Number of protein chains: 2
Amino acid sequence: MAQFPSLPPRRPVSIKEVALRANVAVGTVSNVLNHPERVAPAKRDAVLRVIEELGFVRNDAARQLRAGSSRTIGLIVLDAGNPFFTDLARAAEDEAARQGNLVMLGNSGHDAAREARYIDAFEEQRVLGLLLSPVGDPNERLEVLRARGVTTVLVDRLEDADRYSSVAVDDVAGGYLAVRHLLEQGRRRIAFIGGPASIRQVADRRRGAEAAVAECSGASLEVVEQDALTVLQGRAAGDQLSGRSRRLMPDGIFCANDLLALGVLQALAMLRSLRVPDDLALVGYDDIGFAASAVVPLSSIRQPTELMGRTAIELLNEELASPGSRRQVIFPPELVVRGSSATDLDRAPETDGLLTGRK
Amino acid sequence: MAQFPSLPPRRPVSIKEVALRANVAVGTVSNVLNHPERVAPAKRDAVLRVIEELGFVRNDAARQLRAGSSRTIGLIVLDAGNPFFTDLARAAEDEAARQGNLVMLGNSGHDAAREARYIDAFEEQRVLGLLLSPVGDPNERLEVLRARGVTTVLVDRLEDADRYSSVAVDDVAGGYLAVRHLLEQGRRRIAFIGGPASIRQVADRRRGAEAAVAECSGASLEVVEQDALTVLQGRAAGDQLSGRSRRLMPDGIFCANDLLALGVLQALAMLRSLRVPDDLALVGYDDIGFAASAVVPLSSIRQPTELMGRTAIELLNEELASPGSRRQVIFPPELVVRGSSATDLDRAPETDGLLTGRK
DNA sequence: GTCTGCTGCTGAAACGATTCAACCGCGGTG
DNA sequence: CACCGCGGTTGAATCGTTTCAGCAGCAGAC
């Protein structure tokens, strides 16, 4: 531990000192910062020079105190490690930056207490608004916030009533899209491998799969339920399937998430007799980074995360502009076709226009 | 878009209104909030009741303005999607929370402009201090911050001079640890598969590998250089190796990162003739989530991310307490042995005490 | 009854930026 | 010459909290 000659711990420079040094009134310095066009060029440059010289940095607390609200938007995510949220956060940051606002990220990590701490902190900071991907059922908490005038937009959560603005993604459409694609590739014996049905996303994706199968005569859907959405569970499911006779083997598999699909792929890679995609086509969900670089590149369903982030900020702005306005936006997911499901990649559709009607 | 009867946009309740309603002075309300022990229990409860009743939330801007600094610590990371940083962030948050402080996360995404925006914002907010994992060479920027009195701790970056407090991990030790383990398993023909040597981490890991081989007579090290640290590059390296005759094939491979190792594993899984770990032992680096659930669970080097996060906060506190004090902390990484390198998992050492001397 | 000490409470000052009514100076108009 | 208009500038008031010197009231000591 090195002890340096402690440089004088200079207090930050205030606007008053700048004014003094530049021989102008404090109001003029403030104008230079906030309404440069009101200040004569010569004086403006002089003030800017002094600001530079003294290393003045505006005290945001004082600005905020006077202005009544900040330029900060709070974003609380369930899992900062999940690419879905980081992509969304980045898009939200960009969109907010375009209006001169700033996004601060809080990570609740599925922990309600942690979430509460961030909500309180953001409220004390009088944030412009809150983007919240809530832990569990947020109703009471949200009502309190609402009552205190904190504008909140829900992210990745569908609310029954239209009491909050929200952005979410249509998982039913995603399941439909995946299975429709398998059917279009000529597959008829479809299997759905999913995690616990208690997870809404899983249930929705399955419903979408069922809908697609119902539209196609001669197609059947088998449901394989696993305990969790992990690679290991996927491998278990794959091992179980690979013991079957050729006759009972599905020729198309849709997994509720990419981890499951990668596990299935691992299990099947052990088998020489079965080839992907020729004998068995496979589609995952989420389009995680690993999907593209699997042994056989994995087809998957991608969520429009960037769009969701931008839209969340938009909805917040709308509600700030006209308090009381609410809007729910549900996005259709997108199919990404790769080697695990396309016998002929050239013909593979990039996006599926047919889905628009369901939106 | 539903338009609700706009509830009166009530201004937030101030401490003055609370005082009025509770028949006390503003100073007393402030004391209830900050020094409850100074207030008589009866009065304290009365004030708390009114606070609850009116839904009072302290205005942090005003507190901060008066107090001169906030209770917020800024953390700027290079990549919020990287588990290394999210784990570190979470540990930092926990440690900060123990002292009543709060960590706000900014994601620079390797973008210097973005980083600058966050630095400015945090400085305007007069944060307690900054934990920074800088983009590129930060020297000029840091000097400016230092001059303005913003206490900064560097994360995951070694500075030559001891001009800043910092936490980092010893990549040389990591490389040494990995290869020593391979040698202990009886392997002698070692290969190092690494990304561009321009990345410091890669170069350090390689140097560690060289040091371990040098200590063991009869051992040799072959270096395979790839363009990037990706699964695809790993697969390319694996394909290249698998064309070799048995004689020239390494029996132990150390990859500069887990992605490369997974790629190698993919390439070798195609080959029936070569088995992992019997014919070829494999060790990766970073211990990402996928390492444990690979076809053959991957041995890897784990960085003590939680410890680094906690320590970063500690260093910040130290420097705040006695300005001018600096400390650099370098952590030794940890070896995690899994199926890809252990012929006998029971004998596998969990941590390697031998390393302590190098620290 | 006076003095001392102590607890608990009060109320005004201070923090630093923004805002806004007032003011200044100057050129143009009638 | 008086007046107007106007761009540019001023400085006091304001935001909501914390801090702190000072005061009231009370108990105990003498």
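Throughout, protein chains are lettered first and strands after them, A, B, ... in sequence-line order, and every chain is numbered starting at 1. Computed from a predicted structure; not experimentally measured.
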End axis versus end axis in the helix from C:dG1-D:dC30 to C:dG30-D:dC1, the angle rounded to 10°, five pairs used at each terminus: 70°
I want to check one thing: is the phosphate of C:dC15, taken as OP1 and OP2, less than 4.0 Å away from some side-chain N or O of B:Arg63? no
Go through the structure and list residues passing side-chain contact (heavy atoms from CB on, under 4.5 Å) with A:Asn23, not counting sequence neighbours. none
Distance-only side-chain donor-acceptor flag, B:Thr151 / B:Glu319, under 3.5 Å: no
Rounded off to whole Å, could you give me the CZ-to-C1' distance for the A:Arg58 and C:dG16 pair? 12 Å
Quick check for you: to the nearest 0.5 Å, what is the distance between B:Leu102 atom CG and B:Ser70 atom OG? 9.5 Å
State which residues pass salt bridge (charged side-chain N to carboxylate O under 4.0 Å, His left out) with B:Glu314; sequence neighbours excluded, sorted by chain then number. none
Rounded to whole angstrom units, what separation is found between the NZ atom of A:Lys16 and the P atom of C:dA17? 9 Å
Have a look at B:Asn34 and say if it touches a base, only the backbone sugar-phosphate, or nothing, with a 4.0 Å heavy-atom cut-off. sugar-phosphate
Please list all pairs passing the salt bridge (charged side-chain N to carboxylate O under 4.0 Å, His left out) test where one or both residues lie in residues 117-133 of chain B, with sequence neighbours left out. A:Arg58-B:Glu124, B:Glu123-B:Arg148
Would you please name every residue forming a salt bridge (charged side-chain N to carboxylate O under 4.0 Å, His left out) with B:Glu143, sequence neighbours left out? B:Arg163
Check salt bridge (charged side-chain N to carboxylate O under 4.0 Å, His left out) between B:Arg114 and all other residues, then give those that pass, not counting sequence neighbours. A:Glu93, A:Asp94
Find the distance A:Leu33:CG to C:dT19:P and express it as a whole number of Å. 11 Å
Polar pairs (N or O, both sides) under 3.5 Å between protein and nucleotides 8-12 of chain C?
| residue | atom | partner | partner atom | Å |
| --- | --- | --- | --- | --- |
| C:dC9 | OP2 | B:Ala40 | N | 2.9 |
| C:dT10 | OP2 | B:Ala25 | N | 2.8 |
| C:dT10 | OP2 | B:Thr28 | OG1 | 2.6 |

Can you list everything that forms a side-chain contact (heavy atoms from CB on, under 4.5 Å) with A:Thr311? Sequence neighbours excluded, please. A:Val167, A:Leu307, A:Leu315, A:Val329, A:Phe331
What is the distance, rounded to the nearest whole Å, between atom CG of A:Leu65 and atom C1' of C:dC15? 9 Å
Tell me which pairs pass side-chain hydrogen bond (donor to acceptor under 3.5 Å, both in side chains) where either residue lies in residues 35-55 of chain A, with sequence neighbours left out. A:Arg21-A:Glu53
B:Arg126 CZ to C:dG16 C1': how many Å, rounded? 9 Å
Please list all pairs passing the salt bridge (charged side-chain N to carboxylate O under 4.0 Å, His left out) test where one or both residues lie in residues 66-88 of chain A, with sequence neighbours left out. none
Between P on C:dG16 and CG on A:Leu20, what's the gap in Å once rounded to a whole number? 14 Å
DNA chain D: 5'-most and 3'-most nucleotides touching chain B, 4.0 angstrom heavy-atom criterion: D:dG16 to D:dT19
Base, sugar-phosphate, or nothing: which does A:Ser14 touch, judged by heavy atoms less than 4.0 Å apart? sugar-phosphate
Nearest-Å distance, CD (B:Glu124) to P (C:dA17)? 10 Å
Contacts of B:Glu306 meeting salt bridge (charged side-chain N to carboxylate O under 4.0 Å, His left out) (sequence neighbours excluded), chain-then-number -> none
